[in-house]
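A short worksheet on the structure shown next.
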Amino acid sequence: MLPKSNISIKIKEVKQPSKTYKLDLLNKRIVGYVDGIEAVRQSVNKILETERYKHCIYSWDYGFEGRSLIGKETDFVKVAIKRKIKEALLADDRILGIYNVDVDAKGDIVTCSFTVDSKEGSFDMSYQLNS
């Protein structure tokens, strides 16, 4: 039998900072730090540019399965890319939702634009998948 206890535990949720290194993708350098909504925007870009399951440094929850869509029927790609983008981005606990997803396919290029709703605020993004 366990003893009775009058201990009360209070749990306080603390917001963790999202401060991270700022990536200069043009010059392939790290140039300081970024925080807040810009850190989330950078994370979205990095998630979409990282092929899921390809790099052992990342967990299987990280990245985007875009390459699996190359060579598929255009109508299938238009539907699947929406689902895959949402699945990839919602793995980041700072992202609350993906809305207003618009997909346009022209030849071998699929362009997707969408709104990201995060704990830091909302912003518009676009992604282009080339075969």
Side-chain angles (χ1 to χ4, degrees):
M1 180 176 207
L2 296 174
K4 292 185 179 180
S5 174
N6 292 333
I7 297 174
S8 173
I9 299 173
K10 293 181 183 178
I11 298 173
K12 181 180 177 185
E13 187 175 317
V14 178
K15 182 180 174 187
Q16 297 295 316
S18 63
K19 187 175 182 180
T20 188
Y21 296 105
K22 182 174 183 173
L23 303 176
D24 176 358
L25 299 175
L26 185 63
N27 296 310
K28 298 181 181 179
R29 296 175 39 145
I30 293 173
V31 290
Y33 297 95
V34 64
D35 197 5
I37 198 165
E38 287 305 314
V40 177
R41 183 187 308 270
Q42 180 174 282
S43 178
V44 166
N45 188 47
K46 191 166 181 319
I47 289 168
L48 293 176
E49 293 298 327
T50 302
E51 187 65 24
R52 187 180 246 168
Y53 310 122
K54 185 175 180 183
H55 308 281
C56 63
I57 192 170
Y58 299 115
S59 79
W60 283 19
D61 293 333
Y62 190 86
F64 175 62
E65 297 177 71
R67 296 286 152 217
S68 66
L69 299 174
I70 294 175
K72 304 284 193 233
E73 292 287 329
T74 303
D75 291 336
F76 173 78
V77 171
K78 283 183 171 183
V79 173
I81 198 167
K82 290 179 183 182
R83 179 182 53 80
K84 288 181 179 281
I85 286 175
K86 287 181 181 181
E87 181 182 280
L89 297 181
L90 291 174
D92 186 326
D93 63 356
R94 297 172 294 179
I95 297 175
L96 304 173
I98 309 299
Y99 306 101
N100 305 323
V101 181
D102 183 42
V103 180
D104 185 37
K106 291 183 181 169
D108 292 343
I109 300 172
V110 177
T111 305
C112 197
S113 60
F114 49 92
T115 301
V116 176
D117 185 23
S118 77
K119 291 179 180 178
E120 301 292 337
S122 297
F123 55 92
D124 294 326
M125 289 290 295
S126 63
Y127 174 76
Q128 193 172 71
L129 178 65
N130 302 318
S131 60

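Note that the numbering runs from 1 along the sequence shown for the chain. The structure displayed is predicted, hence computed values, not measured ones.
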When rounded to the nearest 0.5 angstrom, what distance separates [atom1] in [X] from [atom2] in [Y]?
X    : Y    : atom1 : atom2 : value
K119 : D93  : NZ    : CG    : 5.0 Å
T74  : D108 : OG1   : CG    : 9.0 Å
R83  : E65  : CZ    : CD    : 8.0 Å

With a 4.5 Å cut-off on side-chain heavy atoms, are [Y] and [X] touching?
X    : Y    : value
M125 : L89  : no
C112 : V101 : yes
Q42  : K22  : yes
N45  : L25  : yes
L23  : V34  : no
K78  : V110 : no
I98  : V116 : yes
F114 : Y99  : no

(request) Taking all heavy atoms of S18 and all of E120, pick out the closest pair and write down the distance. (result) OG-OE2, 4.3 Å

(request) Look at the rings of Y58 and H55 and say which category their plane angle falls in: under 30° parallel, 30 to 60° tilted, over 60° perpendicular. (result) perpendicular

Side-chain heavy atoms under 4.5 angstrom apart, residues restricted to Ile, Leu, Val, Met, Phe, Trp, Tyr: same cluster for [X] and [Y]?
X   : Y    : result
I85 : F123 : yes
F76 : I81  : yes
L48 : L90  : yes
V79 : L129 : no

(request) Look at E87 together with K84 and state whether they make a salt bridge at an N to O cut-off of under 4.0 Å. (result) no

